[in-house]
Enquirer: 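One structure is given below, represented as structure tokens, and several questions about it will come after.
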Amino acid sequence: MHNKPSLRYAVLILNRPISQEEAFMKNFWEKATLRITVDGGALRWDQFLTRLPEEISNKMKIPDLITGDFDSITEETLQKYKKKGCKVVHTPDQDYTDFTKALKELNNHCQEHTIEVDNVIAIGQASGRLDQILGNIQTLYLAEKQHLLHPETKLYLMSGDSLSWLLEPGNHIISIPEETRKHNRAWCSLVPIGETCHSVTTSGLMWNLDNQSLKFGELVSTSNAFDGSDTVKIKCSHTILWSMKVPSLTGE
Ligand SMILES: Nc1ncnc2c1ncn2[C@@H]1O[C@H](COP(=O)(O)OP(=O)(O)OP(=O)(O)O)[C@@H](O)[C@H]1O
Ligand SMILES: Cc1ncc(C[n+]2csc(CCO)c2C)c(N)n1
């Protein structure tokens, strides 16, 4: 047995209902190195806390940072968290989404406080507004292309029991949790966003690709599945969006 390196991560709460199971979300929040709520995300966090017994929610850590253009958070909630001592950063720029701006503030905060995180996990149901969902994918791209985060920091979007991130050109090995492998409807997908991925080769999937091209209007690998292997291996020539089911965090 060897010790796993400690996981340093930041959690970002976007403006969607938090569908994660209470025990998971509570631990995930408490163990984070940094906690950020993005605009209306502060309301969602506040609502989530009402699902926990008061003696527990009262003892929980407060957000380190509340950001946004503040068109969604209520003044009451903003003041409540200010009083608790949360740092508030207003990001009024209307050329970037609050999620994108929150990543910049996260990076500033890390530099100011000499904090390092290996992973940033943004939590928010992908639902309702397709433009916001696509905007969130654009943020994944901007984080990479505009170096919004430390080059070693990975960014993930968690929506209910689905986890998504970008696979940059090259080779990737993804460990598949046992619970996902055994689940008979565990899905995954490889989606080329904005450009053709000229060559993709995979192993560990129900529908593997062999030096094939992914392109909208031609081939896009949605509703793929795992073949039971411990890992999925992917070689891609261009950036693609990988999404997969993670162990149920919703009790479903
Ligand atoms: N329907 C949705 N689906 C997915 N993500 C969403 C949705 N609505 C909001 N979000 C995420 O939560 C963040 C904060 O949402 P909020 O509603 O406060 O922002 P907004 O003012 O409507 O839009 P923007 O974030 O672009 O300024 C958004 O930047 C986005 O990442
Ligand atoms: C070409 C272009 N399209 C849309 C917007 C609008 N916009 C994009 S992000 C954002 C913030 C939302 O809270 C707003 C209003 C823009 N600025 N530029």
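This is a predicted model, so every value here is computed, not measured. Note that the numbering runs from 1 along the sequence shown for the chain. Counting starts at 1 for both ligands and their atoms, in listed order.
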Enquirer: Side chains of Thr222 and Ser189 only: does a donor on one sit below 3.5 Å from an acceptor on the other?
Expert: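 Thr222 vs Ser189: no donor-acceptor pair found between side chains.
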
Enquirer: Which of the numbered atoms in ligand 1 are below 4.0 angstrom from a heavy atom of Leu14?
Expert: 11 (C), 12 (O), 31 (O)

Enquirer: In the protein, which heavy atom is nearest to atom 29 (O) of ligand 1, and how far is it?
Expert: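 Ranked first by proximity to atom 29 (O) of ligand 1 is Phe99 N, 3.2 Å.
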
Enquirer: Considering non-hydrogen atoms of the protein only, which is the closest contact for atom 28 (C) of ligand 1, and what is the distance?
Expert: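 Here the nearest protein heavy atom works out to Gln132 OE1, 3.7 Å.
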
Enquirer: Judged by atom type as modelled, is there a donor-acceptor pair below 3.5 Å linking the side chain of Asn224 to the main-chain atoms of Ser221?
Expert: no

Enquirer: Of all the non-hydrogen atoms in the protein, which one sits nearest to atom 24 (P) of ligand 1, and at what distance?
Expert: Asp98 N, 3.6 Å

Enquirer: Say whether Asp71, considering both its backbone and side-chain N or O atoms, lies within less than 3.5 Å of an N or O atom on ligand 1.
Expert: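 By distance alone, the answer is yes.
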
Enquirer: Provide the number and element of each atom of ligand 1 under 4.0 Å from a heavy atom of Gln125.
Expert: 3 (N), 4 (C)

Enquirer: Please list, in number order, the atoms of ligand 1 under 4.0 Å from a heavy atom of Gly40.
Expert: 18 (O)

Enquirer: Specify the protein heavy atom at minimum distance from atom 13 (O) of ligand 2: its residue, its atom name, and the distance to 0.1 Å.
Expert: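 Ranked first by proximity to atom 13 (O) of ligand 2 is Asp69 OD2, 3.0 Å.
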
Enquirer: May I ask you to check whether Tyr9 and Phe28 place their ring centers less than 6.0 Å from one another?
Expert: yes

Enquirer: May I ask you to decide if Thr91's main-chain N or O and Lys101's side chain share a donor-acceptor pair within less than 3.5 Å?
Expert: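 It does hold such a pair.
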
Enquirer: Does Asp69 reach the main-chain N or O of Asp93 with its side chain, forming a donor-acceptor pair under 3.5 Å?
Expert: no

Enquirer: To check your reading of the model: name the closest protein heavy atom to atom 17 (O) of ligand 1, its residue, and the distance in Å.
Expert: Asn15 ND2, 2.8 Å

Enquirer: Go through the steps to decide whether Lys26 and Glu30 satisfy the test salt bridge (Lys or Arg N to Asp or Glu O under 4.0 Å), and finish with yes or no.
Expert: CA-CA 6 Å; Lys26 176 185 161 286; Glu30 290 291 298; over 6 Å; no

Enquirer: Can you find an N/O atom of Tyr96 closer than 3.5 Å to an N/O atom of ligand 2?
Expert: no

Enquirer: Taking N or O atoms only and a 3.5 Å limit, does Ile133 qualify as a polar contact for ligand 1?
Expert: no

Enquirer: Quick check against the 3.5 Å criterion: does Asn171 have a side-chain atom that pairs as donor or acceptor with the backbone of Lys235?
Expert: no

Enquirer: Is the shortest side-chain N to carboxylate O distance from Asp46 to Lys80 below 4.0 Å?
Expert: yes

Enquirer: Would you mind checking which non-hydrogen protein atom is closest to atom 7 (C) of ligand 1, with the distance to 0.1 Å?
Expert: Arg16 CD, 3.2 Å

Enquirer: Give the residue and atom name of whichever protein heavy atom lies nearest to atom 31 (O) of ligand 1, and the separation in Å to one decimal.
Expert: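 The closest one turns out to be Asn136 OD1, 2.6 Å.
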
Enquirer: Using a 4.0 Å cut-off to any heavy atom of Ser72, which atoms of ligand 1 qualify?
Expert: 16 (P), 17 (O), 18 (O)

Enquirer: Yes or no, since that's all I need: does a protein heavy atom fall within a distance strictly under 4.0 Å of atom 2 (C) of ligand 2?
Expert: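 False for atom 2 (C) of ligand 2.
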
Enquirer: Looking only at atom types and distance, does a side-chain atom of Ser164 sit under 3.5 Å from a main-chain N or O of Ser243, one as donor and one as acceptor?
Expert: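 Checked: no pair found.
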
Enquirer: Using the ring of each side chain (for Trp, its six-membered ring), is Phe70 parallel, tilted or perpendicular to His90, with breaks at 30° and 60°?
Expert: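 The rings of Phe70 and His90 lie parallel, inter-plane angle below 30°.
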
Enquirer: Using a strict 4.0 Å cut-off to heavy atoms of Arg129, name the atoms of ligand 1 that fall inside it.
Expert: 1 (N)

Enquirer: Need the ligand 1 atom indices (1-based, order shown) with element for anything under 4.0 Å from a heavy-atom of Asp69.
Expert: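 Listed by number with element: 21 (O), 27 (O).
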
Enquirer: Need the ligand 1 atom indices (1-based, order shown) with element for anything under 4.0 Å from a heavy-atom of Asp39.
Expert: 18 (O)

Enquirer: Below 3.5 Å, N or O to N or O, backbone or side chain included: is there any such pair between Asp95 and ligand 2?
Expert: yes

Enquirer: Below 3.5 angstrom, do we get any N/O pair linking Gln94 and ligand 2?
Expert: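 Gln94 vs ligand 2: N/O contact under 3.5 Å present.
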
Enquirer: Look only at the side chain of Trp45 and the backbone of Ile13, and say whether a donor-acceptor pair between them is shorter than 3.5 Å.
Expert: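 Checking the backbone N and O of Ile13 against the side chain of Trp45, no donor-acceptor pair under 3.5 Å is found.
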
Enquirer: Would Lys87 and Glu112 pass as an ion pair if we require N to O under 4.0 Å?
Expert: yes

Enquirer: Any idea which atoms of ligand 1 are less than 4.0 Å away from a heavy-atom of Ser127?
Expert: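 Heavy-atom distances to Ser127 below 4.0 Å select 1 (N), 2 (C), 3 (N).
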
Enquirer: Answer yes or no: is there a donor N or O on one side and an acceptor on the other, between the side chain of Thr201 and the main chain of Asn211, under 3.5 Å?
Expert: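 Side chain of Thr201 to backbone of Asn211, a donor-acceptor pair under 3.5 Å: yes, one is there.
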
